[in-house]
Trainee: 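Submitted below is the structure of interest, expressed as structure tokens.
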Amino acid sequence: MKNLQTKAMQVFIGLCVYYFVAFGLIYNGLGMFLTPISQDLNLPFVQVSLSSTIRILTGMVTTAAAGRVLPKVNLKWFLSLNVLFLARAAFLISSVQSLPLILAGSALMGFAAGFALYAIVPIVLNQWFDRPERYVSIATAVGGAGGIVF
């Protein structure tokens, strides 16, 4: 039993680091590039920042569906495909020259993030802990702190 608790805490610490990197450094870090993108494309900042709103809204929709989808699929393959999908969406956003394509790329990124970033920590914690509520809160707080610090 002690070994299982040690392994579970290692998983929890890994998820805290994952949330810090995923939200604090990668996902929230995209906002740093909105001003240069708006200047390069000669678009108002408000229009370009709309991409973040689109990304968050589509992420909310897929996060709501994650509880039904993720238990039915091979998690390793599904998350691997989602990471590739996120990378493709990031490449699409970085290589386009018009607002509609930026918004489409943001929607794709939000769709994949709903499964790969938002929902994965609660699902993994529920597999390792009997009462994960406090661990989910702590992992989310660590991820949010990463965004604030960055």
Side-chain angles (χ1 to χ4, degrees), residues 8 10-129 132-150:
Q10 290 171 350
V11 169
F12 169 69
I13 291 168
L15 289 173
C16 285
V17 172
Y18 170 82
Y19 251 30
F20 178 82
V21 172
F23 282 101
L25 300 179
I26 297 171
Y27 214 62
N28 289 339
L30 291 173
M32 292 179 8
F33 301 103
L34 294 179
T35 300
I37 289 171
S38 69
Q39 291 170 350
D40 286 347
L41 297 178
N42 200 23
L43 293 169
F45 178 80
V46 173
Q47 288 182 355
V48 177
S49 68
L50 179 64
S51 66
S52 293
T53 304
I54 299 283
R55 185 182 72 221
I56 291 167
L57 291 176
T58 54
M60 289 169 55
V61 171
T62 55
T63 301
R68 295 182 184 261
V69 173
L70 292 177
K72 298 177 184 177
V73 298
N74 181 330
L75 201 55
K76 289 179 184 176
W77 284 103
F78 189 77
L79 290 177
S80 297
L81 288 174
N82 261 290
V83 168
L84 291 174
F85 200 67
L86 279 169
R88 177 65 183 132
F91 176 76
L92 176 65
I93 291 171
S94 69
S95 63
V96 298
Q97 296 295 318
S98 67
L99 182 62
L101 290 176
I102 290 173
L103 297 179
S106 296
L108 292 174
M109 185 176 280
F111 178 80
F115 291 118
L117 297 181
Y118 303 151
I120 194 63
V121 170
I123 288 171
V124 171
L125 286 176
N126 277 315
Q127 292 175 0
W128 281 96
F129 295 95
E133 298 89 8
R134 64 185 169 148
Y135 295 109
V136 172
S137 299
I138 293 169
T140 305
V142 169
I148 292 169
V149 169
F150 188 70

Trainee: Please report the closest heavy-atom contact between Leu43 and Leu99, naming both atoms and the distance.
Mentor: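 Reported closest heavy-atom pair: CD1-CB, 3.8 Å.
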
Trainee: Could you report the tightest heavy-atom contact between Phe85 and Ala112, atom names first, then the distance?
Mentor: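 Looking at all heavy atoms of both residues, the closest pair is CD2-CB, 3.3 Å.
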
Trainee: What is the minimum heavy-atom distance between Thr58 and Phe111, and which atoms define it?
Mentor: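 In this case the closest contact between Thr58 and Phe111 is OG1-N, 3.6 Å.
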
Trainee: In Å, rounded to the nearest 0.5 Å, how long is the span from CG of Leu108 to CG of Leu103?
Mentor: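 Going from CG on Leu108 over to CG on Leu103, the span is 11.0 Å.
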
